[in-house]
Chemist: 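Structure provided below as C-alpha coordinates; questions to follow.
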2 protein chains.
Amino acid sequence: MNTAPTPAPGDDEPRWLTPEEQHVWRSYIEAATLLEDHLDRQLQRDAGMPHVYYGLLVKLSEAPRRRLRMTELARSAKITRSRLSHAVARLEKNGWVRREDCPSDKRGQFAVLTDEGREVLRRTAPGHVAAVRQAVFDRLTPGQQQALGEIMRIVAEGLQPGEAGADLPWLR
Amino acid sequence: MNTAPTPAPGDDEPRWLTPEEQHVWRSYIEAATLLEDHLDRQLQRDAGMPHVYYGLLVKLSEAPRRRLRMTELARSAKITRSRLSHAVARLEKNGWVRREDCPSDKRGQFAVLTDEGREVLRRTAPGHVAAVRQAVFDRLTPGQQQALGEIMRIVAEGLQPGEAGADLPWLR
DNA sequence: AGCTTCTTCTTGAAGGTTAAACAAGTTAGG
DNA sequence: CCTAACTTGTTTAACCTTCAAGAAGAAGCT
(Lines give C-alpha, C1' and ligand atoms only; values in the text may rest on other atoms or scores of the structure.)
Protein backbone atom coordinates (compact mmCIF):
# COMPACT_ATOMS: atom_id res chain seq x y z
CA MET A 1 0.00 0.00 0.00
CA ASN A 2 2.85 2.35 -0.75
CA THR A 3 5.62 2.83 -3.20
CA ALA A 4 9.02 1.47 -2.42
CA PRO A 5 11.48 4.30 -1.69
CA THR A 6 14.75 2.37 -1.42
CA PRO A 7 15.55 -0.98 0.08
CA ALA A 8 18.39 0.19 2.26
CA PRO A 9 20.76 -2.43 3.72
CA GLY A 10 20.91 -3.13 7.43
CA ASP A 11 18.16 -0.64 7.89
CA ASP A 12 14.72 -1.01 9.40
CA GLU A 13 13.07 0.48 6.36
CA PRO A 14 9.88 -1.52 5.91
CA ARG A 15 9.76 -3.97 3.06
CA TRP A 16 6.98 -2.36 1.06
CA LEU A 17 4.98 -4.42 -1.33
CA THR A 18 6.34 -4.51 -4.84
CA PRO A 19 4.02 -3.24 -7.57
CA GLU A 20 3.16 -6.83 -8.46
CA GLU A 21 2.42 -7.70 -4.87
CA GLN A 22 0.29 -4.62 -4.57
CA HIS A 23 -1.78 -5.66 -7.54
CA VAL A 24 -2.27 -9.10 -6.13
CA TRP A 25 -3.23 -7.72 -2.78
CA ARG A 26 -5.70 -5.23 -4.17
CA SER A 27 -7.29 -7.85 -6.34
CA TYR A 28 -7.64 -10.02 -3.32
CA ILE A 29 -9.23 -7.32 -1.21
CA GLU A 30 -11.60 -6.29 -3.94
CA ALA A 31 -12.71 -9.79 -4.77
CA ALA A 32 -13.08 -10.79 -1.15
CA THR A 33 -15.15 -7.70 -0.41
CA LEU A 34 -17.36 -8.07 -3.44
CA LEU A 35 -17.80 -11.77 -2.92
CA GLU A 36 -18.74 -11.56 0.71
CA ASP A 37 -21.15 -8.74 -0.04
CA HIS A 38 -22.65 -10.66 -2.86
CA LEU A 39 -23.23 -13.80 -0.84
CA ASP A 40 -24.47 -11.87 2.14
CA ARG A 41 -27.02 -10.20 -0.03
CA GLN A 42 -28.01 -13.39 -1.75
CA LEU A 43 -28.61 -15.13 1.54
CA GLN A 44 -30.20 -12.21 3.24
CA ARG A 45 -32.68 -12.04 0.40
CA ASP A 46 -33.35 -15.76 0.00
CA ALA A 47 -32.82 -17.09 3.50
CA GLY A 48 -33.18 -14.09 5.74
CA MET A 49 -29.78 -14.37 7.31
CA PRO A 50 -26.19 -13.34 6.68
CA HIS A 51 -23.61 -15.67 5.22
CA VAL A 52 -21.95 -16.45 8.53
CA TYR A 53 -25.21 -17.54 10.10
CA TYR A 54 -25.91 -19.76 7.16
CA GLY A 55 -22.50 -21.32 7.64
CA LEU A 56 -23.37 -22.09 11.23
CA LEU A 57 -26.48 -23.95 10.21
CA VAL A 58 -24.46 -25.90 7.67
CA LYS A 59 -21.92 -26.92 10.28
CA LEU A 60 -24.66 -28.05 12.61
CA SER A 61 -26.38 -29.98 9.85
CA GLU A 62 -23.23 -32.01 9.36
CA ALA A 63 -22.51 -32.68 13.00
CA PRO A 64 -23.29 -36.05 14.61
CA ARG A 65 -26.64 -35.43 16.20
CA ARG A 66 -26.97 -32.10 14.43
CA ARG A 67 -25.51 -30.51 17.50
CA LEU A 68 -22.21 -28.99 18.49
CA ARG A 69 -20.82 -27.45 21.63
CA MET A 70 -20.66 -23.68 21.40
CA THR A 71 -16.90 -23.55 21.59
CA GLU A 72 -16.49 -26.22 18.98
CA LEU A 73 -18.89 -24.51 16.64
CA ALA A 74 -17.14 -21.21 17.14
CA ARG A 75 -13.78 -22.75 16.46
CA SER A 76 -14.95 -24.54 13.39
CA ALA A 77 -16.61 -21.43 12.00
CA LYS A 78 -13.60 -19.29 12.87
CA ILE A 79 -15.53 -16.80 14.91
CA THR A 80 -15.33 -15.72 18.52
CA ARG A 81 -17.49 -17.30 21.14
CA SER A 82 -19.01 -13.95 21.84
CA ARG A 83 -20.09 -13.52 18.28
CA LEU A 84 -21.46 -17.02 18.23
CA SER A 85 -23.42 -16.39 21.38
CA HIS A 86 -25.18 -13.45 19.77
CA ALA A 87 -25.67 -15.33 16.54
CA VAL A 88 -27.20 -18.34 18.19
CA ALA A 89 -29.49 -16.09 20.16
CA ARG A 90 -30.79 -14.74 16.92
CA LEU A 91 -31.06 -18.10 15.22
CA GLU A 92 -32.85 -19.39 18.26
CA LYS A 93 -35.36 -16.58 18.03
CA ASN A 94 -35.93 -17.63 14.43
CA GLY A 95 -36.54 -21.17 15.57
CA TRP A 96 -33.71 -22.57 13.50
CA VAL A 97 -31.46 -23.51 16.37
CA ARG A 98 -32.16 -24.59 19.90
CA ARG A 99 -29.84 -24.62 22.90
CA GLU A 100 -29.41 -27.67 25.03
CA ASP A 101 -27.49 -28.20 28.23
CA CYS A 102 -24.50 -30.44 28.17
CA PRO A 103 -24.95 -33.24 30.71
CA SER A 104 -21.27 -33.90 31.27
CA ASP A 105 -20.26 -30.29 31.75
CA LYS A 106 -22.75 -28.00 33.37
CA ARG A 107 -21.11 -24.96 31.84
CA GLY A 108 -21.52 -26.37 28.37
CA GLN A 109 -24.23 -25.71 25.86
CA PHE A 110 -25.06 -27.49 22.67
CA ALA A 111 -26.38 -25.62 19.72
CA VAL A 112 -28.85 -27.92 18.02
CA LEU A 113 -30.26 -27.51 14.55
CA THR A 114 -34.05 -27.71 14.69
CA ASP A 115 -36.18 -29.34 12.03
CA GLU A 116 -37.25 -25.91 10.99
CA GLY A 117 -33.62 -24.94 10.62
CA ARG A 118 -32.99 -28.00 8.52
CA GLU A 119 -35.89 -27.10 6.36
CA VAL A 120 -34.59 -23.60 5.75
CA LEU A 121 -31.29 -25.09 4.75
CA ARG A 122 -32.90 -27.62 2.45
CA ARG A 123 -34.89 -24.89 0.80
CA THR A 124 -32.10 -22.36 0.37
CA ALA A 125 -29.02 -24.47 -0.24
CA PRO A 126 -29.58 -24.88 -3.98
CA GLY A 127 -29.75 -21.15 -4.53
CA HIS A 128 -26.68 -20.59 -2.46
CA VAL A 129 -24.63 -23.22 -4.23
CA ALA A 130 -25.70 -21.73 -7.51
CA ALA A 131 -24.52 -18.32 -6.37
CA VAL A 132 -21.15 -19.69 -5.29
CA ARG A 133 -20.74 -21.55 -8.54
CA GLN A 134 -21.66 -18.61 -10.64
CA ALA A 135 -19.38 -16.26 -8.75
CA VAL A 136 -16.40 -18.54 -8.35
CA PHE A 137 -16.23 -22.04 -9.73
CA ASP A 138 -17.81 -21.41 -13.09
CA ARG A 139 -15.13 -18.85 -13.80
CA LEU A 140 -12.04 -20.77 -12.81
CA THR A 141 -10.19 -23.56 -14.55
CA PRO A 142 -9.71 -26.78 -12.59
CA GLY A 143 -6.10 -25.78 -12.13
CA GLN A 144 -7.06 -22.43 -10.69
CA GLN A 145 -9.56 -24.02 -8.37
CA GLN A 146 -6.93 -26.34 -7.07
CA ALA A 147 -4.42 -23.54 -6.72
CA LEU A 148 -6.94 -21.42 -4.84
CA GLY A 149 -7.55 -24.25 -2.43
CA GLU A 150 -3.89 -24.72 -1.73
CA ILE A 151 -3.20 -21.04 -1.35
CA MET A 152 -6.04 -20.44 1.02
CA ARG A 153 -5.18 -23.50 3.01
CA ILE A 154 -1.69 -22.14 3.51
CA VAL A 155 -2.92 -18.72 4.53
CA ALA A 156 -5.48 -20.13 6.93
CA GLU A 157 -2.91 -22.38 8.48
CA GLY A 158 -0.62 -19.48 9.21
CA LEU A 159 -3.39 -17.66 10.98
CA GLN A 160 -4.78 -20.49 13.06
CA PRO A 161 -2.53 -21.23 16.03
CA GLY A 162 -1.53 -17.78 17.25
CA GLU A 163 -0.13 -17.08 20.67
CA ALA A 164 -3.14 -16.10 22.79
CA GLY A 165 -5.78 -13.46 22.60
CA ALA A 166 -8.34 -12.04 24.98
CA ASP A 167 -11.44 -14.01 24.15
CA LEU A 168 -10.01 -16.43 21.66
CA PRO A 169 -6.85 -18.32 22.51
CA TRP A 170 -6.95 -20.01 19.12
CA LEU A 171 -7.82 -16.97 17.13
CA ARG A 172 -4.62 -15.04 17.58
CA MET B 1 -22.14 -27.27 1.23
CA ASN B 2 -23.86 -30.57 0.78
CA THR B 3 -23.24 -33.99 -0.58
CA ALA B 4 -24.15 -34.75 -4.15
CA PRO B 5 -27.15 -37.09 -4.25
CA THR B 6 -27.32 -37.91 -7.95
CA PRO B 7 -26.70 -35.80 -11.00
CA ALA B 8 -29.96 -36.64 -12.69
CA PRO B 9 -30.32 -35.90 -16.41
CA GLY B 10 -32.66 -33.22 -17.68
CA ASP B 11 -33.57 -32.48 -14.12
CA ASP B 12 -33.35 -29.29 -12.10
CA GLU B 13 -31.45 -31.01 -9.33
CA PRO B 14 -28.93 -28.43 -8.15
CA ARG B 15 -25.35 -28.96 -9.15
CA TRP B 16 -23.89 -29.44 -5.68
CA LEU B 17 -20.24 -28.80 -5.12
CA THR B 18 -18.02 -31.81 -5.60
CA PRO B 19 -15.98 -32.85 -2.58
CA GLU B 20 -12.94 -31.14 -4.10
CA GLU B 21 -14.86 -27.96 -4.72
CA GLN B 22 -16.18 -28.07 -1.18
CA HIS B 23 -12.69 -28.26 0.20
CA VAL B 24 -11.58 -25.35 -1.89
CA TRP B 25 -14.57 -23.33 -0.87
CA ARG B 26 -14.17 -24.04 2.81
CA SER B 27 -10.52 -23.21 2.69
CA TYR B 28 -11.39 -19.97 1.04
CA ILE B 29 -14.02 -19.05 3.59
CA GLU B 30 -11.80 -19.93 6.49
CA ALA B 31 -8.78 -18.08 5.23
CA ALA B 32 -10.78 -15.04 4.23
CA THR B 33 -12.45 -14.91 7.63
CA LEU B 34 -9.25 -15.39 9.58
CA LEU B 35 -7.33 -12.95 7.44
CA GLU B 36 -9.86 -10.18 7.63
CA ASP B 37 -10.15 -10.66 11.36
CA HIS B 38 -6.43 -10.65 11.76
CA LEU B 39 -5.94 -7.45 9.82
CA ASP B 40 -8.87 -5.77 11.45
CA ARG B 41 -7.40 -6.51 14.81
CA GLN B 42 -3.93 -5.45 13.80
CA LEU B 43 -5.17 -2.12 12.54
CA GLN B 44 -7.62 -1.56 15.32
CA ARG B 45 -4.80 -2.02 17.76
CA ASP B 46 -2.12 -0.04 15.94
CA ALA B 47 -4.12 2.56 14.08
CA GLY B 48 -7.41 2.72 15.90
CA MET B 49 -9.54 1.87 12.91
CA PRO B 50 -10.84 -1.13 11.01
CA HIS B 51 -9.24 -2.39 7.84
CA VAL B 52 -11.82 -0.85 5.52
CA TYR B 53 -11.26 2.60 6.99
CA TYR B 54 -7.56 2.23 6.58
CA GLY B 55 -8.15 1.34 2.95
CA LEU B 56 -10.10 4.53 2.49
CA LEU B 57 -7.23 6.62 3.78
CA VAL B 58 -4.88 4.79 1.44
CA LYS B 59 -7.08 5.49 -1.55
CA LEU B 60 -7.27 9.14 -0.64
CA SER B 61 -3.53 9.36 -0.14
CA GLU B 62 -3.02 8.22 -3.71
CA ALA B 63 -5.60 10.47 -5.29
CA PRO B 64 -4.60 13.66 -7.15
CA ARG B 65 -5.07 16.32 -4.52
CA ARG B 66 -5.54 13.67 -1.84
CA ARG B 67 -9.25 14.01 -2.43
CA LEU B 68 -11.95 11.96 -4.06
CA ARG B 69 -15.64 12.41 -4.64
CA MET B 70 -17.67 10.28 -2.28
CA THR B 71 -19.14 8.15 -5.02
CA GLU B 72 -15.78 7.59 -6.62
CA LEU B 73 -14.22 6.62 -3.33
CA ALA B 74 -17.06 4.26 -2.60
CA ARG B 75 -16.77 2.66 -5.99
CA SER B 76 -13.05 2.27 -5.73
CA ALA B 77 -13.26 0.77 -2.25
CA LYS B 78 -16.13 -1.49 -3.28
CA ILE B 79 -18.46 -0.32 -0.58
CA THR B 80 -21.86 1.35 -0.64
CA ARG B 81 -22.21 5.08 -0.48
CA SER B 82 -24.16 4.69 2.69
CA ARG B 83 -21.37 2.82 4.36
CA LEU B 84 -18.89 5.35 3.14
CA SER B 85 -20.97 8.17 4.49
CA HIS B 86 -20.83 6.66 7.94
CA ALA B 87 -17.18 5.86 7.65
CA VAL B 88 -16.21 9.35 6.57
CA ALA B 89 -18.25 10.79 9.39
CA ARG B 90 -16.15 8.80 11.80
CA LEU B 91 -12.86 9.57 10.11
CA GLU B 92 -13.80 13.22 10.10
CA LYS B 93 -14.43 13.11 13.80
CA ASN B 94 -10.94 11.67 14.17
CA GLY B 95 -9.56 14.55 12.17
CA TRP B 96 -8.15 12.26 9.50
CA VAL B 97 -10.48 13.27 6.72
CA ARG B 98 -12.27 16.47 5.94
CA ARG B 99 -15.27 17.04 3.69
CA GLU B 100 -15.25 19.69 1.03
CA ASP B 101 -17.97 20.90 -1.29
CA CYS B 102 -17.60 20.23 -4.97
CA PRO B 103 -17.74 23.50 -6.89
CA SER B 104 -18.97 22.04 -10.16
CA ASP B 105 -21.77 19.96 -8.66
CA LYS B 106 -23.53 21.35 -5.66
CA ARG B 107 -24.62 17.88 -4.58
CA GLY B 108 -21.10 16.63 -4.55
CA GLN B 109 -18.69 16.24 -1.69
CA PHE B 110 -15.02 15.57 -1.67
CA ALA B 111 -13.44 13.48 1.01
CA VAL B 112 -10.03 14.98 1.65
CA LEU B 113 -7.19 13.38 3.55
CA THR B 114 -5.93 15.77 6.22
CA ASP B 115 -2.32 16.14 7.23
CA GLU B 116 -3.16 14.36 10.41
CA GLY B 117 -4.64 11.54 8.40
CA ARG B 118 -1.50 11.37 6.32
CA GLU B 119 0.55 11.19 9.44
CA VAL B 120 -1.46 8.28 10.81
CA LEU B 121 -0.92 6.48 7.56
CA ARG B 122 2.78 7.18 7.54
CA ARG B 123 3.09 5.91 11.06
CA THR B 124 1.03 2.77 10.69
CA ALA B 125 1.71 1.65 7.14
CA PRO B 126 4.91 -0.24 7.95
CA GLY B 127 3.21 -2.35 10.55
CA HIS B 128 0.34 -3.08 8.28
CA VAL B 129 2.51 -4.09 5.36
CA ALA B 130 4.45 -6.33 7.69
CA ALA B 131 1.24 -8.00 8.80
CA VAL B 132 0.13 -8.57 5.23
CA ARG B 133 3.49 -9.96 4.29
CA GLN B 134 3.65 -12.25 7.23
CA ALA B 135 0.13 -13.54 6.72
CA VAL B 136 0.17 -13.86 2.96
CA PHE B 137 3.19 -13.11 0.82
CA ASP B 138 5.83 -14.67 2.97
CA ARG B 139 3.99 -17.96 2.76
CA LEU B 140 3.36 -18.17 -0.94
CA THR B 141 5.68 -18.96 -3.81
CA PRO B 142 5.92 -16.38 -6.58
CA GLY B 143 3.82 -18.68 -8.72
CA GLN B 144 1.12 -18.86 -6.10
CA GLN B 145 1.13 -15.13 -5.66
CA GLN B 146 0.63 -14.66 -9.34
CA ALA B 147 -2.08 -17.28 -9.46
CA LEU B 148 -3.87 -15.67 -6.55
CA GLY B 149 -3.84 -12.34 -8.33
CA GLU B 150 -5.28 -13.79 -11.49
CA ILE B 151 -7.93 -15.78 -9.71
CA MET B 152 -9.11 -12.91 -7.62
CA ARG B 153 -9.11 -10.59 -10.58
CA ILE B 154 -11.41 -12.98 -12.38
CA VAL B 155 -13.73 -13.32 -9.43
CA ALA B 156 -13.87 -9.58 -8.85
CA GLU B 157 -14.56 -8.96 -12.48
CA GLY B 158 -17.53 -11.27 -12.46
CA LEU B 159 -19.01 -9.42 -9.52
CA GLN B 160 -18.46 -5.88 -10.68
CA PRO B 161 -20.88 -4.89 -13.43
CA GLY B 162 -24.10 -6.55 -12.36
CA GLU B 163 -27.56 -5.51 -13.37
CA ALA B 164 -28.68 -2.95 -10.81
CA GLY B 165 -29.15 -2.92 -7.08
CA ALA B 166 -30.98 -0.66 -4.67
CA ASP B 167 -28.27 1.65 -3.46
CA LEU B 168 -25.44 0.47 -5.62
CA PRO B 169 -26.02 0.18 -9.34
CA TRP B 170 -22.43 -0.91 -9.77
CA LEU B 171 -22.31 -3.36 -6.93
CA ARG B 172 -24.30 -6.41 -7.96
C1' DA C 1 -11.15 -29.79 51.63
C1' DG C 2 -9.77 -25.30 50.25
C1' DC C 3 -7.67 -22.34 47.04
C1' DT C 4 -6.23 -20.77 42.73
C1' DT C 5 -6.55 -21.01 37.93
C1' DC C 6 -8.62 -22.09 33.69
C1' DT C 7 -12.55 -22.85 30.67
C1' DT C 8 -17.25 -22.13 29.04
C1' DC C 9 -20.58 -19.16 27.78
C1' DT C 10 -23.10 -14.83 28.29
C1' DT C 11 -23.81 -9.96 28.69
C1' DG C 12 -23.93 -4.89 27.78
C1' DA C 13 -22.27 -1.08 25.59
C1' DA C 14 -19.94 1.00 21.81
C1' DG C 15 -19.15 0.98 17.23
C1' DG C 16 -19.91 -0.59 12.34
C1' DT C 17 -23.09 -2.10 8.55
C1' DT C 18 -27.38 -2.53 5.98
C1' DA C 19 -31.68 -1.22 3.92
C1' DA C 20 -34.94 1.98 2.80
C1' DA C 21 -36.26 6.51 2.32
C1' DC C 22 -35.31 11.23 1.46
C1' DA C 23 -33.69 16.10 0.18
C1' DA C 24 -31.34 18.52 -3.13
C1' DG C 25 -29.29 19.03 -7.48
C1' DT C 26 -28.60 17.54 -12.35
C1' DT C 27 -29.98 15.83 -16.84
C1' DA C 28 -32.84 14.63 -20.73
C1' DG C 29 -36.87 15.18 -23.53
C1' DG C 30 -40.58 17.64 -25.12
C1' DC D 1 -38.69 26.42 -19.95
C1' DC D 2 -40.61 22.45 -17.47
C1' DT D 3 -41.23 18.28 -16.04
C1' DA D 4 -39.85 13.43 -15.33
C1' DA D 5 -36.13 10.69 -14.36
C1' DC D 6 -31.88 10.04 -12.44
C1' DT D 7 -27.70 11.12 -9.25
C1' DT D 8 -25.44 12.43 -5.12
C1' DG D 9 -24.94 12.05 -0.54
C1' DT D 10 -27.13 11.62 4.01
C1' DT D 11 -30.11 9.84 7.55
C1' DT D 12 -32.67 6.63 10.51
C1' DA D 13 -33.50 2.38 12.57
C1' DA D 14 -32.59 -2.33 12.78
C1' DC D 15 -29.18 -5.48 12.93
C1' DC D 16 -24.46 -7.37 13.61
C1' DT D 17 -19.77 -7.42 15.62
C1' DT D 18 -16.35 -6.31 18.99
C1' DC D 19 -14.48 -5.63 23.38
C1' DA D 20 -14.19 -5.96 28.15
C1' DA D 21 -16.10 -7.86 31.99
C1' DG D 22 -18.18 -11.35 34.59
C1' DA D 23 -20.94 -15.56 36.48
C1' DA D 24 -20.55 -20.37 36.93
C1' DG D 25 -18.46 -24.68 36.73
C1' DA D 26 -14.20 -27.71 36.17
C1' DA D 27 -9.40 -28.89 37.16
C1' DG D 28 -5.25 -28.90 39.53
C1' DC D 29 -2.50 -28.30 43.55
C1' DT D 30 -1.38 -28.59 48.52
Side-chain angles (χ1 to χ4, degrees), chain A residues 33 36-45 47-56 68-75 77-94 97 99-111 164-172, chain B residues 33 36-45 47-56 68-75 77-94 97 99-111 164-172:
Chain A
T33 305
E36 187 56 25
D37 269 25
H38 182 65
L39 296 181
D40 258 341
R41 224 157 258 146
Q42 187 267 315
L43 283 169
Q44 194 67 59
R45 172 164 53 72
M49 69 188 129
H51 190 200
V52 192
Y53 289 29
Y54 179 88
L56 297 175
L68 242 28
R69 286 286 297 271
M70 294 296 277
T71 294
E72 204 180 336
L73 180 50
R75 184 190 322 259
K78 266 72 194 169
I79 64 177
T80 62
R81 285 195 305 264
S82 172
R83 187 176 177 182
L84 179 62
S85 223
H86 289 293
V88 167
R90 201 272 225 183
L91 291 170
E92 201 169 20
K93 202 165 358 176
N94 281 292
V97 165
R99 279 183 227 246
E100 235 173 74
D101 292 347
C102 173
S104 62
D105 185 338
K106 281 180 209 154
R107 296 167 301 180
Q109 289 276 103
F110 280 106
D167 201 334
L168 31 155
W170 35 279
L171 217 186
R172 242 229 117 174
Chain B
T33 304
E36 188 54 27
D37 269 24
H38 181 64
L39 296 180
D40 258 341
R41 225 158 254 142
Q42 186 269 315
L43 283 169
Q44 194 68 58
R45 171 164 54 70
M49 66 186 133
H51 189 202
V52 191
Y53 287 29
Y54 179 88
L56 296 175
L68 242 29
R69 285 286 297 272
M70 294 295 278
T71 295
E72 204 179 337
L73 180 51
R75 184 192 319 261
K78 265 74 193 166
I79 63 176
T80 62
R81 286 192 307 253
S82 172
R83 187 176 178 184
L84 178 62
S85 223
H86 290 293
V88 167
R90 201 273 224 179
L91 291 171
E92 200 169 22
K93 204 167 355 182
N94 282 297
V97 165
R99 278 184 228 245
E100 236 173 72
D101 291 346
C102 173
S104 61
D105 184 339
K106 284 179 208 155
R107 296 166 303 180
Q109 288 277 102
F110 280 105
D167 202 334
L168 30 154
W170 38 279
L171 215 184
R172 233 250 115 174

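Per chain, numbering begins at 1; letters A, B, ... match sequence-line order.
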Chemist: Give the rounded distance in Å between these two atoms: CG of A:Asn94 and P of D:dC15.
Modeler: 10 Å
Chemist: Apply side chain to side chain contact (heavy atoms under 4.5 Å, CB included) to A:Leu56 and A:Ile79, showing your working.
Modeler: CA-CA 10 Å; A:Leu56 297 175; A:Ile79 64 177; 4.2 Å; yes
Chemist: Any side-chain N or O of B:Arg83 below 4.0 angstrom from OP1/OP2 of D:dT10?
Modeler: no
Chemist: Grab the NE2-P distance between B:His51 and D:dT18 for me, whole Å please.
Modeler: 15 Å
Chemist: State which of C:dT26, C:dT17, D:dT11 makes the closest approach to the side chain of B:Ser82.
Modeler: D:dT11
Chemist: Quick one: B:Arg90 CZ to D:dT11 P, roughly how many Å, whole number?
Modeler: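 Roughly 17 Å, once rounded to whole Å.
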Chemist: The side chain of B:His86 lies closest to which of these nucleotides: C:dT10, D:dG9, D:dA13?
Modeler: D:dA13
Chemist: Between C:dT10, C:dG25, D:dT10, which nucleotide gets closest to the side-chain atoms of B:Ser85?
Modeler: D:dT10
Chemist: Tabulate atom names and distances for all N/O pairs under 3.5 angstrom spanning the protein and nucleotides 4-6 of chain C.
Modeler:
none

Chemist: In chain order, what residues pass the side-chain contact (heavy atoms from CB on, under 4.5 Å) check against A:Glu36, with sequence neighbours excluded?
Modeler: A:Asp40, A:His51
Chemist: Mind calculating the distance between CG (B:Leu43) and P (C:dG16) to the nearest angstrom?
Modeler: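 In whole Å, C:dG16 P lies 13 Å from B:Leu43 CG.
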Chemist: A:Gln44 and A:Pro50: which non-hydrogen atoms are nearest, and at how many Å?
Modeler: OE1-N, 3.6 Å
Chemist: The criterion is side-chain contact (heavy atoms from CB on, under 4.5 Å); which residues satisfy it with A:Glu92, sequence neighbours excluded?
Modeler: A:Arg99
Chemist: Look at the side chain of B:Gln109 and decide which nucleotide, out of C:dT18, D:dG9, C:dT10, has an atom nearest to it.
Modeler: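 Nearest to the side-chain atoms of B:Gln109, counting from C-beta on, is D:dG9.
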Chemist: Whole Å only: how far is the NZ atom of B:Lys93 from the C1' atom of C:dG16?
Modeler: 12 Å
Chemist: Send over the distance from A:Glu36 CD to C:dT17 P, rounded to a whole Å.
Modeler: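 Those two atoms, CD and P, are 13 Å apart.
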Chemist: Using a cut-off of less than 4.0 Å, is there contact between a side-chain N or O of B:Arg69 and OP1 or OP2 of D:dG9?
Modeler: yes
Chemist: Remember a base hit wins even if backbone is also touched, and classify B:Phe110 as base, sugar-phosphate or nothing at under 4.0 Å, heavy atoms.
Modeler: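 Answer is nothing: B:Phe110 stays at 4.0 Å or more from every strand.
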Chemist: Kindly indicate, with the supporting measurements, whether the criterion side chain to side chain contact (heavy atoms under 4.5 Å, CB included) is fulfilled by A:Ser82 and A:His86.
Modeler: CA-CA 7 Å; A:Ser82 172; A:His86 289 293; 4.0 Å; yes
Chemist: Picking from D:dA26, C:dT17, D:dT17, which would you name as closest to the side chain of A:Lys106?
Modeler: D:dA26
Chemist: Using side chain to side chain contact (heavy atoms under 4.5 Å, CB included), reason through A:Arg83 and A:Val52 one step at a time and then give a plain yes or no.
Modeler: CA-CA 10 Å; A:Arg83 187 176 177 182; A:Val52 192; 3.3 Å; yes
Chemist: Could you state the CG-C1' distance from A:Leu84 to C:dC9, rounded to the nearest angstrom?
Modeler: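 So the two atoms are 9 Å apart, to the nearest Å.
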Chemist: List in chain and number order the residues that pass side-chain contact (heavy atoms from CB on, under 4.5 Å) with B:Arg69, two or more places apart in sequence or in another chain; answer none if no residue qualifies.
Modeler: B:Glu72, B:Cys102, B:Asp105, B:Phe110
Chemist: Taking only the side-chain heavy atoms of A:Thr71 (C-beta and beyond), determine which of C:dT8, D:dA26, D:dG9 contains the nearest atom.
Modeler: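 The answer is C:dT8, which lies nearest to the side chain.
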Chemist: Run the side-chain contact (heavy atoms from CB on, under 4.5 Å) test against B:Asn94 and tell me which residues pass, sequence neighbours left out.
Modeler: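 side-chain contact (heavy atoms from CB on, under 4.5 Å) check on B:Asn94 returns B:Arg90, B:Trp96.
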Chemist: Between B:Arg99 and A:Gly48, which has a closest nucleotide on DNA chain D that is more 5'?
Modeler: B:Arg99
Chemist: Please figure out whether A:Asp40 or A:Val88 has its closest DNA chain C nucleotide nearer the 5' end.
Modeler: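 The residue mapped nearer the 5' terminus is A:Val88.
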Chemist: Provide, to the nearest angstrom, the distance between the CE atom belonging to B:Met49 and the P atom belonging to D:dT18.
Modeler: 18 Å
